Amino acid sequence: MTNAVEISDLHVSISGSHVLQGVSFSVPSGGVTALLGRNGVGKTTTLRAILGLVASSGRIQVLGNEVSGWPTHRIVRLGIGYVPEDRDVFSGLTVEQNLRLAESGSGAQYDEVFSLFPELKTRGRQRAGTLSGGQQQMLSIARALLNHRPLLLIDEPSKGLAPKIVSEFAGVLERAAEHSTVLLVEQNLSVVKRLAQRIVVLDHGEVVHRGEVVDLEDPTLVRQLLGVAGAA
Amino acid sequence: MNIFLVLTFSGVALGAIYFLAASGLSLIYGLMDVLNFAHGLFMTLGAYAGYEIATRLPSSLGAPTLVILAIIGATVVGALAAGVTELILIRPLYGKPISQILITIGLDLAGVGLLMGGFGSTALQIPVPLWLIEPTHIGGLYLPNASFLAIGAGVLVLIGLEMFLALTRYGIIIRAGVENREMVRALGIDVGRAFTLVFVIGGAMAGLAGILYTIVFSGDLVSPNQGDSLLIFAFIVVVIGGLGSIRGSAVAALAVGLLQQYTSFYIGGHSGWAQIGDLSTVLLLAVVLEWRPRGLFGRVA
Amino acid sequence: MRWPSRRAGLLVGAIVLGLFIVLPFIGLHVPWVLPGTLDIVNSTGTLEVLALCFMFAGVAVGYDMMFGYTGLMSLGPVLYFAVGTYVFDIALTHWGWSLFPSLLVTFGVSLVLAVVLGAIALRVHGIAFAMVTLAFAQAFYFLVESNPHNLTGGDTGLSLSYTRMPSFLSGAVSNTRNLYWVALAFLVVAYLIVWLVTESVTGHVFVAIRENELRLDVLGVRPYRFKLVSFVVSSLIATGGGIVYILVIGTAVPSVVASTTVTLSILIMVVLGGAGTRWGAVVGAMVYVYLQQYLDKVGAEPTFTRLPAVLRVPLSEPQFLLGAIFVLFVFFAPGGIAGLVVRRRFRRASAATLLSAFQGLRKGGGG
Ligand SMILES: Nc1ncnc2c1ncn2[C@@H]1O[C@H](COP(=O)(O)OP(=O)(O)O)[C@@H](O)[C@H]1O
Ligand SMILES: [Mg+2]
C-alpha cells in the first residue's frame, strides 16, 4: 500500500451549490502533503468528505479501504486523527474530558501529549470553553495525536494564532509526521514550506496543480494559483 | 402562611414531575434535534403498566410492595418503549428531523388510540396503600405523603443524571454530542448508541413521571390522554429551561410547578378561575422568550 | 414539461369542483363507500361529512402555505381555528349581533392575535417555534375551558343560535345543502388565496426561506416579515375554517375544536397529501376526514364486533389506524399522496428562483 488516501472524481454539493466538481488526488504514505487554495475553494469540504461528514459521490480510499458511504466513526477508526478548522473542542467539557473522549482502546499516549503540551496537564480540570484560542488549538491537536493514528487530517492549524505559537505547533506537527501520514490544509506558506514535501492546489472545486513543495519557490505560479505574493 | 408553605410543597412536587417529564425530552432534543411527541405516550404507557401491575399481581403481596413494583414497572416499560421506538422508527430517519417529529406524532396517535381501544376512554383507578393518601404532620403542616415520593424521585433522578453526565464515558459522549454531534463522530465514536441510550433514559423518566403523576396529582386515575396533557407542560418547561439543558429543565420545572400552584390558589381560588394556573405557565413562557429567546440555560447556537 | 401537466391539473380540478357543486342534487345510492348513516350520496349525513372535508381542506391548504412553502412548523393553527369558532359564536349567539359584524369582529380578533403572537413566536426558530406556538394554542384552550364570564361554556362548549342568521343558513339540519356550499366556497376562496400568494414574488421568497434562510439574509431580504405574513394569512384562513365549522356542526366543544389534536390532524392532513403542493393538502384533508368518519362507522359494524380482540381492538379504533397509516406514509412515501401521483421532486429554490424573488422585491420597493 503506497497511498494513505486516494480520491478520484469527488463531487460534493452543499445546499444547492456544487462545491467540489470532480476532485482527484492521492496522498502517499509517509510525510506531509499540503492541500492549498484560496478561501472557499473547498479544502475543508474535501477533508470533511474524506471523513464522511458530508455526502459525496466519487471514490474515496482511506488506508486501503473503499470508504464511500461508510459512517464517519468507522472511517475514523481506520486510524485517522482530525484537527478541524475551527478547533471544535467541546467547550462545556473539561480538558481532561475532551481528551478522554478522544481515547480509543488502551493505546492513549498521555505522556507524549503532555510532554508536547505541558499546559494541558496543568489545566486538566478547566472547562475547554474558557481556554484561549491557542490553548484550544493545543487541545484539538492533542486529541488528534493521542492515539498515534497513521493518518492525520489537519485543517488550518495556524489560523488566527500568533507567530510564536504557530512555529511551536509547526514543530509539534513536524514530529508527528515522523510516524504518521499528514494531509495538511494551510494558508501560511512558510509553515507549508517547513513541513510539506508535496502540494495539491484546489481552485473552483477542482485540482489545478499537483507537485512538489519546491513549486512554491516560483512566484508567478504562486500568484497564479493562490492569489498571494510568493515571497514568504 | 401555612397555606403558602403547603402550596410551595405541592408546587415543588409538581415541579419534580415536570422535571422527570421534561429532562428526557430536553436531552433527546439537544442530542438529536428530535421533538419527541411520543414522550406523552411513554408517560401514559408507564401509568398503564403501573395499573396492570398493581391490579393483576396478587394483593397478598401487600399494597406497599405493589406500588413499588408498579413504579419500577412503569419506569421499565417507558424505557423499553422508548428504546424500541428509537431503534425501529427514529434511527432509519437520521438527518430528517421533520420526518422524525412526524413519526413520533403518528406513533403517539396510534399508541393512544390503541390504549383507548384496549382500556377504554374512561379513567381507571390504581389501588394504592393508605399511607400514600394520608398526609404527614410536620410543624403544623399536613403534607401529602405522595408528594414526598415525587420530590424524592425528582431529586434522586436529578442527582443520578448529573453524575451520569459528569462522570461516565457515555455521559460525556452525550454532553459532547449535545454540543457538536459531528465532532463526536469525527473522534471515531458511534453517536447512534448514545442516541438509543438517551431515548431509553428519557423513556424511563417519562414512565416514572407518568405513574407518579397518577399517584400524586390525578387521584390514582389513569386515562389514555393524560400523558399528552402532561407533555404540554413538559414542552413549556423545556423551552423555558433551554433546549438540551438538564439544569435548565430542573430550574424551569420548579418555577412552572410553583407558579402554577400559587396562581391557581391565590388568583384562581378567589375568582373561581381554575385554569389561571395553567394559563400562567404559558405567560411565563412568553415573558422568558421575550427576555431570553434561548431559554434560561440555553446555549448560543 | 410543466405546462401540459399543469393544464391537466386545472382541468381535473375544475371537473371535480363542478361535480361537488352539483352533488347535492344527486340522489344516488352507493352502499359501503359512504360514511353517512344512509348510503345515499346527497343524504344529510353524507353532505355534512363532505362539508367537514371541504372545511378542513381549506384550513389544510392554508397551513400548507406556512408549513409546506415557508417551512414554518407551527403547532398552533388550532388557536386561530378555535378563535373563528368561539368569537363568531359568541358574537352571534351571546351578543346577538348579525352575520357581517360577527364575521368582521372574528377576523379582526384573529388578525390581532396572529400578528402579536406570531411576532413573539417568530423570535425563535425551528423546534422552539413549534413549541411556542403549541403553548400559545394551549393557553387559548385553557382559556375557553375556564369559561370566563360564562362566555365559552367551559367543558360543555357552545352551540350556535341561528336566529340572527340569514334564512338560507339557519338551522344546521334543514339547510345542510346550503351549508355544504358555504364550506365548498370557503375551500375555493382559501385555495385561491394560497394560490395567488404562493405564485407571487412573496411566495417565491417563502420557498427561499424554507430552503435557506441565512442565504436570504445575505441577499439583504429580511425573512422575519415574510414569515409573519405567511403566518398571519395562514391563521386567517384557519379562522375562516373555524367559522365554517360552527355553521356546519352547530356546536363547539373545546376538546374537539380547541385542543392540540386539531393541530396534529391538520399537520397530518398536509403531510399525508404532500406538503408544499397545495392540492396535496386538499386531497390529504379530504382523505383524512373521510377515513376518520368511515372507520368510525365500520368499526361499529356487527362483523367487526365478532372478531377476536387482538384484531378488533386496533381495527375499530380510527385513531390507531390513522396514526399507523401516517407512520407508514412518513416512512415509505414522505412526499405524501401528491408525491406518489406526480413523481416530481420538491421544488428547490434554485439560484434562479432566488434571484427572481430578489429582483421582484427590488422592483416592488419592498424587502
Ligand atoms: N454549510 C455550508 N452551507 C453553505 N455553503 C457552504 C457550507 N460549507 C461550505 N460551503 C461553501 O462551500 C465552499 C467551500 O467551502 P470550504 O470547503 O470551507 O472552503 P475552504 O476550506 O477551501 O476555505 C464555499 O464557497 C462555502 O461557501
Ligand atoms: Mg476551510
Side-chain angles (χ1 to χ4, degrees), chain B residues 29 33-35 37 40 89 92-93 96-119 224-225 228-229 231-233 235-236 238-240 242-243 268 271-283 285-286 289-290 293-295 298 301, chain C residues 67 71 73 75 116-117 120-121 123-132 134-149 154 255 259-261 263-265 267-268 271-272 275 299 309 312-331 334:
Chain B
Y29 176 79
D33 295 336
V34 175
L35 180 58
F37 266 85
L89 293 178
L93 295 172
K96 297 179 190 159
I98 296 285
S99 293
Q100 287 176 325
I101 295 169
L102 296 174
I103 278 283
T104 66
I105 290 176
L107 177 66
D108 187 64
L109 210 64
V112 171
L114 216 48
L115 286 174
M116 271 191 224
F119 292 91
N225 285 309
D228 287 336
S229 23
L231 184 66
I232 303 278
F233 293 106
F235 278 162
I236 292 173
V238 168
V239 178
I240 291 179
L243 293 156
S271 62
W273 194 7
Q275 273 78 10
I276 182 69
D278 297 345
L279 259 179
S280 66
T281 63
V282 181
L283 286 180
L285 171 72
L289 276 184
E290 270 305 298
R294 306 219 151 258
Chain C
F67 172 66
M73 186 156 141
L75 291 180
V116 172
L117 298 182
I120 296 177
R123 287 172 54 85
V124 291
H125 298 258
I127 301 301
F129 172 76
M131 292 201 198
V132 172
L134 179 77
F136 286 158
Q138 196 64 20
F140 191 77
Y141 174 77
F142 294 142
L143 191 71
V144 294
E145 266 222 314
S146 69
N147 194 13
H149 301 285
S255 61
S259 75
T260 303
T261 318
T263 292
L264 299 185
S265 302
L267 180 62
I268 290 174
V271 174
L272 205 60
R312 189 190 67 235
V313 169
L315 289 181
S316 59
E317 204 50 63
Q319 188 177 332
F320 167 74
L321 290 173
L322 286 168
I325 290 171
F326 182 62
V327 166
L328 291 177
F329 257 87
V330 174
F331 246 95

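Sequence lines set the chain letters: A, B, ... in the order given, protein chains first and strands last, and positions in each chain run from 1. Everything numeric here is computed off the predicted structure, so don't read it as measured data.
A distance of 8.0 Å separates CG of C/Leu134 from CG of B/Leu231, quoted to the nearest 0.5 Å. Taking CG of B/Leu279 as the start and OG of C/Ser146 as the end, the distance is 6.5 Å to the nearest 0.5 Å.
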Under the side-chain contact (heavy atoms from CB on, under 4.5 Å) rule, what do B/Val282 and C/Tyr141 come out as? Steps first, then yes or no, please.
CA-CA 11 Å; B/Val282 181; C/Tyr141 174 77; over 6 Å; no
Test side-chain contact (heavy atoms from CB on, under 4.5 Å) on B/Leu243 and C/Met131; report intermediate values, then the result.
CA-CA 11 Å; B/Leu243 293 156; C/Met131 292 201 198; 3.7 Å; yes
Applying side-chain contact (heavy atoms from CB on, under 4.5 Å), run through B/Asp228 and C/Thr261 and close with a yes or a no.
CA-CA 10 Å; B/Asp228 287 336; C/Thr261 318; over 6 Å; no
Run the side-chain contact (heavy atoms from CB on, under 4.5 Å) check on B/Val239 and C/Val132 step by step: do they pass?
CA-CA 8 Å; B/Val239 178; C/Val132 172; 4.2 Å; yes
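Ranked by heavy-atom pairs shorter than 4.5 Å toward chain C, the options B/Leu289, B/Leu285, B/Ile98, B/Ile236 are led by B/Leu289. Here C/Gly323 is the residue among C/Gly323, C/Ala130, C/Ser259 with the most heavy-atom pairs under 4.5 Å with chain B. Contact tally against chain C (heavy-atom pairs below 4.5 Å) for B/Val112, B/Leu93, B/Thr281, B/Leu114: the top residue is B/Leu114. Chain B forms more heavy-atom pairs under 4.5 Å with one residue of C/Phe329, C/Phe136, C/Phe140 than with any other, namely C/Phe136. No other option in C/Pro318, C/Gly126, C/Ala135 has as many heavy-atom pairs under 4.5 Å with chain B as C/Ala135. The candidate with the highest count of non-hydrogen atom pairs below 4.5 Å against chain B, out of C/Leu322, C/Leu328, C/Thr260, C/Leu264, is C/Leu264. Between chain C and the options B/Asn225, B/Leu115, B/Leu89, the largest number of non-hydrogen pairs under 4.5 Å is found for B/Leu89. In terms of heavy-atom pairs under 4.5 Å with chain C, the best-connected choice from B/Ile276, B/Leu283, B/Ile232 is B/Ile232.
For the pair B/Glu290/C/Ile120, a side-chain contact is recorded, criterion being any heavy-atom separation below 4.5 Å from C-beta on.
Of the two parts of B/Pro92, only the side chain, counted from C-beta on, holds a non-hydrogen atom closer than 4.5 Å to a non-hydrogen atom of chain C. Proximity to chain C is limited to the side chain of B/Val238, based on heavy atoms less than 4.5 angstrom apart.
Minimum interatomic distance between B/Tyr29 and C/Ile127 (heavy atoms only, all atoms of both residues): CE1-CG1, 3.1 Å. Residues C/Arg123 and B/Pro293 come closest through the heavy atom pair NH2-CG, 3.5 Å.
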Between side-chain atoms of residues 103-110 of chain B and protein atoms elsewhere (two or more places apart, or another chain), which donor-acceptor pairs fall under 3.5 Å?
from, atom 1, to, atom 2, distance (Å)
B/Thr104, OG1, B/Leu35, O, 3.4
B/Thr104, OG1, B/Phe37, N, 3.1
B/Thr104, OG1, B/Ile101, O, 2.7
B/Asp108, OD1, B/Leu41, N, 3.1

